[in-house]
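Before any comments, here is the structure.
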Amino acid sequence: MDLSPQCETGSNNKNRMNDFLGLIVGFILTLLVFSYLLGDNPLYRIAIHILVGTSAAYAAVVVIQQVILPVFGRIQENPSDPENLLWFVPIFLVLLLFLRGLPTISWLGNNALAILVGVGAATALVGVILGTLWPQLTVIEPTNALFPGQGVLVAILTACTLLAFQFTGRVDQNGNWTQPTWRRTLSTIGRVLMTITFGVLFASAINTSVILLSERLGYFLTEFLQRIL
Amino acid sequence: MSHEITCRECNASNPPGSKFCSNCGEKLPPSTHMICPNCEAANPHDRIFCDNCGTRLVKDATVPLEGDKPEKPAGRGSAFSLPARRPGETGELDPSLLPEWLRTGETKSHQTPSKELETPEEPEDLPDWLQKSIDDTKDLVQPAKLEDLTSDKKGTDDLPDWLVDDSDSNPIIATPEEISTEMYLDLVNQDEGNISEDTPIDLTGANLPDWLSEASQISDTGKLTSDAFPEDEPEEDDAEGNAEEAQESETGVPEWLAAITDDGFNLDSSEGNQASDISGLTELLSMADEPEESKPEQTSDDEGFTDWLSDAFAEDTAAPAQQSDALAESSGGLTDWLSDPFSSEEEKLDEQAQISEDGLTDWLSDPFSNEKGEPVPQPEESEGLTDWLSPTDSNEQSKPDESSEVDDWLSELDNISESEIGTTGPLEDLTDAPDWLLEEVDSPTPDESSPPDTSAGIADEIAQTLVGDAEQVPTDFADLFQIESTDSEDLPDWLAGAASSGDSFIAEDEDDPADALDNLFEKEEYAAQSELDWLMQTGGLSLPDTAEDNLDIPEELQSESTPSDAFDWLSDLASLDTNTLQASDELDEPEETPELEEAPPVESEAANDWADTASFLASESQLQEEMPDWLPDLKSSEQQSEQIEDESEQAEDLPSWLENIEPSQASEQMDSVFSALSEEGEGSAEEIAAEQPEEDDLPEQLEELVSEDSDDDLLNELPETDQEEIVAGTIPDWLQNLKPDDSKSEDLSFMDEPAPVEEEDLPVETVGPLAGLRGVVRAEPVIGGTLTQKDMVPFGITSEQQQQVDLLRQMVLEKSRPTATKTSQEKSLAISNWMRFLLALLLLGAIIAGLIIPNTFTQVPDDFSAAESLDAINNAAGRPVLVAFEYSPGMAGELTPQANLILQKLSQNGSPILTISQFTTGYSIAETALSSIDDGINLGYLPGEAVGLRQLGDCLNNNPASCTEIPGWPNSGEVKSLVDDLQLIVILTGNRDSFVYWVEQVAQPTGIPLLAGVTQSLGPVVLPYEASGQLAGVIEGIPETAVFDQIANETPTNPQLQQQLNAQTFAQLLIVILLLIGMISYGFISPMRNREQ
């Protein structure tokens, strides 16, 4: 296709108009989200609903386009291929999951859901053990003079953090719930670590939010200034 | 005052109302109380007067009339019978409790009476024994408390003070040093001396009891004058000297005897009915005469004879001539009052002779019989007469056979008297007399020179008196001796107390003894109806007709006085506890009372009481069969006399019975009690005696003591029945009135009111369930009435209650202010909203300022991890690199600059770029990113999260089967070869799970280096993996992106990164400033709010 310069100028103008429209819509939606500074309000809810709706629709389109259609395309190309027939098993489980929407026969989707959760949990468990705990515990960093055995320290602090969520104990003569002293100590250490971690995460989230705000403000300033100026 | 109940077993005190002992569990006596009829206060049952109002609790029976005298059980009429003791309960008679002198017959201290007796004209200077009697009477008026009567008084102190009074320096009669038959022999000698010399008797004779000494103090004029007690009366402690001096002393006739003669005792007697004269009043008189005869220390000389005796003799001469020769012979020494009764009452008392003899003490009635010259009508009754009296009997009445039956000592005494006087009494007749009597007779005494004629009259009179009714002598004495002689050591203390009590029968009337005596028998109602009545009831006392007429003694009482019942009181007395004696001792404690000051002359009362005592003793003579064994044993037995002297038992007992019947003090006490009670209008002794439901025989003196006794021990010894009856006495009158007429039994008669209301006068109930009953107590009008205004309790609240009310009101008002609170909340909400909006504006301003203001102070940090990330990208140069866009458009503002820089660097290194994403939006972002470099292959969307990544990892480990199962994954061609040759995986994400899944499921299994481009919020999560070496490098947020841009490119390619970094710095500064401001403001405002609140 041969594009003339006039056509290129017209398409650029349309792109600029679309970008500008998009910039306006985006700016409005940004203001709607920022309206939450004044509390929960319909404008904020409208922005959230638009975001969620478009995201879900986009995800659905992506999933259909990127997952379902390729599978059906492969089966359609060679339906007799046994490897392609195996796709009916997941398709069947997906159909059973759809039945969850029907209360009378929702139980049919429990097995599919159980397989999904079970496989996902097992996979995650193996990944956590092999991909996080073991590498974290076995790591030895000779260069770190302060904590050469970082893995042991991480393991201890991790154990302390886990004990912080252990609420079992014994009831004394007065009917009060009590824990052993050693466990109360480790639990306290775990709670302190979590406090610190949450503080750091919160600060990081603020930094991230500030960066996002600044990027968005910078975008608008740049776009508006550029378009206005 | 304590209402506690004392346990009998352990003496533990228990609270009132207890049924069992809290200490030992023993059953406690019922805790009863006497309800005061006045104030209805509960009083212990040992109280006589109310503790609260003083009202008398023990009801005083009204003077029993002849018609309504309660019938008393036969044989229980004796006033001296105690209710508490049974005959068998005499275990507490401990010989050790007897006074030492009574046990051993020896006294350590011998008091010689040296103090002169005062004349009757000076009552303020009464002799000690009178003063003691007065004090005792006061003590009776003010009841003694048994709490004070401790057991430590059970020694010789048990004796009355008139007997043993060591404290008195000059007692009239001292305690006899040795009480033996010699003592009485001395008395005979003294009498002999007195008769001969007609001189005042020296009362220093320690062996002489008071009442005998009292008789010895009688003057010739019949009054107690100073002449009767010479001033030069020696004071010596030597008993022997006393005996000698006593013979030299002059014996005077007491005033009361003189008064009797002066007033002309109108009881005429005659020979014919002498026996009948002996009844009643004559007994009293004979009893009054008894001391003189038994203690022949009194002189009966014609010249020295007392006036009253002379007068009596004069009157006696005017008496009918029927009197015997013996009487005429002894007329010089015989008083009219002795002779008159027989002459005047002779005709009247004929029919009662036998009765009077039964009731008359033998030895007292003897004189009258002798005076009459009549033989003893009942020879068998003289069996108990002592031998020494028998000669007299033989002389006077020619009855030797009967005299043989008389006790020896009495007969000896008679012989001695006659021998001393020079009459017919031969000494050979004293063969049966005891040694002491013989010794005294044989021993020369200064009194032997005394005129025998004077003594002859007295002696003859004595002999006649004693022999007249000799058969009754031992009865009286036997009963008295039986207690003390047979068991002298077992003599209880109470008996000594009884002796002192018995003394009170005679009260002195110094002013006018004759009037007093008349009052005794004629005028004084209390004396007649109280004393004599109960005395009559005691032991079957009988009075002469005249006396009985005056005394209004009912016939049934006389008939009830059987000999068998006569001495119940003695048996009861024998079983008394020593505590009773203590009570009696208390009576001896002198204490003055107004009643005594106003009392009539003491001597006269003493005479009356003494006469009462005589009648009482005469009444006791009815029981001859109860004559003690020791009395016959004394008959003509020298061995027994020696035994008496050695063992000092029977001899010691002799003064004891004299003590018991000693009239001076005991009569004073009793009479004082009677007089005191009479003044209170509470009846006589008989009435008091009638108060006891069953213990009517209890004399009022002892009754008072018992009722006043607060000693629990004594009360506990009472039988249950007694206590119950005491409880019954507490029934209030109103309750008694509620009882039907037929149910008012006689057993409650003792509760009669002093002024009982006739039932006919009581209103009859006409309506209601009590219809027909009389004397129904009406309901109190207060119950049916309405409360008046003054009875209502005024309403009021305290200050504390007022404060509580105010506080409650304040709280209610504060709760009723929702509007104000809501406004403040709205204001605070608006403020907070505006504050948030303000903060948002400040943040926007800071960010905008950071974006606009050129970076002047922000420098890119020298980050080591950014260099590592660049090295990892450079190491994968030319080799396929898989870039995973695991973030949404929301994180695009922070991650997109990283993605662009990494893609640019990869693209610069010539590494084929494959993009993949598990986010649906990541697919489009990857598309956008790839579009900026015009290179790379977008593998699309990878579903399944961890499972999808696990499958991808297996596919990357050269497992073709796994790769073919990835939907949309290229299974063949150029793309597949690129996947199989992946050299670096770059993950751009702001999600922790996505990062972890890539590390755990792809990087860890495949071993492909992983570069993480993450947001600053995910930086803390990525750092451990970086430290563990699981990550080839980390690019964290805009700052490291800017560093990476500086490291990767010589000149920063993205100026926006610097603006964003500058804006972030401004925003962080603003946040820090706001936090500081917030902290400071909170530090100041919060205390202020707290202060305001």
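Letters A, B, ... mirror the listed sequences (proteins, then strands); counts begin at 1.
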Item to check | chain A contact via B/Gln1030 - side chain, backbone, both or neither, heavy atoms under 4.5 Å | outcome: side chain

Checklist outcome for this item: OG (A/Ser214) and CG (B/Leu843) are apart, to the nearest 0.5 Å, by 9.5 Å

Checklist entry - Are there more than 12 heavy atoms of other residues, nucleotides or ligands under 6.0 Å from atom CD of B/Glu945? => result no

Checklist entry - Do you know which of A/Val210, A/Ile211, A/Leu201, A/Val63 has the most heavy-atom pairs under 4.5 Å to chain B? => result A/Ile211

Item to check | Region of A/Leu217 in contact with chain B, defined by heavy-atom distances below 4.5 Å | outcome: both

Checklist entry - Would A/Thr132 and B/Val999 count as a side chain to side chain contact (heavy atoms under 4.5 Å, CB included) if you check the C-alpha gap in whole Å, the side-chain angles of each, and the deciding distance to 0.1 Å? => result CA-CA 8 Å; A/Thr132 302; B/Val999 173; 5.6 Å; no

Checklist entry - Does A/Arg191 CZ have over 12 foreign heavy atoms under 6.0 Å away? => result yes

Checklist entry - So, the side chain of B/Gln1001 versus the backbone of A/Thr123: is there a donor-acceptor pair under 3.5 Å, distance only? => result yes

Item to check | Options B/Gly940, B/Ala1067, B/Pro1020, ranked by heavy-atom pairs under 4.5 Å with chain A, top entry | outcome: B/Pro1020

Checklist entry - What's the spacing between A/Asn207 CG and B/Gln1064 CD if we round to 0.5 Å? => result 5.0 Å

Next on the checklist: Counting only heavy atoms from other residues, nucleotides and ligands, does the tally under 6.0 Å from CZ of A/Phe72 exceed 12?
Outcome noted: no

Next on the checklist: For the backbone of B/Ser1017 and the side chain of A/Thr208, can you confirm whether one donor and one acceptor N or O come within less than 3.5 Å of each other?
Outcome noted: yes

Checklist entry - Could you state the interatomic distance from CD1 (B/Ile1038) to CD (A/Glu215), rounded to the nearest 0.5 Å? => result 8.0 Å

Item to check | Contact origin within B/Phe919 toward chain A - heavy atom pairs under 4.5 Å | outcome: neither

Item to check | Atom group of A/Val128 that falls short of 4.5 Å from chain B, counting heavy atoms | outcome: both

Item to check | Distance in Å, A/Tyr36 OH paired with B/Arg836 CZ, rounded so as to fall on 0.5 Å steps | outcome: 7.0 Å

Checklist outcome for this item: Under 4.5 Å to a heavy atom of chain A? For B/Leu839 that would be neither

Checklist entry - Closest heavy-atom contact between A/Ala59 and B/Thr920? => result CB-OG1, 3.0 Å

Item to check | Contacting region of A/Ile206 [heavy-atom separation from chain B under 4.5 Å] | outcome: side chain

Item to check | Atom of A/Gln136, atom of B/Ser1028 and distance for their closest heavy-atom approach | outcome: NE2-OG, 3.4 Å

Item to check | Rounded distance [0.5 Å steps], CD1 in B/Ile847 versus CZ in A/Arg216 | outcome: 13.0 Å

Item to check | Side chain, backbone, both or neither of B/Ser924 within contact of chain A (heavy atoms, under 4.5 Å) | outcome: both

Checklist entry - Tell me, side chain or backbone of B/Val996 under 4.5 Å from chain A's heavy atoms, or both, or neither? => result side chain

Next on the checklist: Tell me which of these, A/Val126, A/Leu213, A/Val200, has more heavy-atom pairs under 4.5 Å with chain B than the rest.
Outcome noted: A/Leu213

Next on the checklist: Using side chain to side chain contact (heavy atoms under 4.5 Å, CB included), reason through B/Tyr923 and A/Tyr58 one step at a time and then give a plain yes or no.
Outcome noted: CA-CA 10 Å; B/Tyr923 170 79; A/Tyr58 184 80; 4.1 Å; yes

Item to check | Residue part contacting chain A, namely of B/Gln1068, when any heavy atom lies under 4.5 Å | outcome: side chain

Checklist entry - Heavy-atom distance under 4.5 Å to chain A: side chain of B/Gln1004, backbone, both or neither? => result side chain

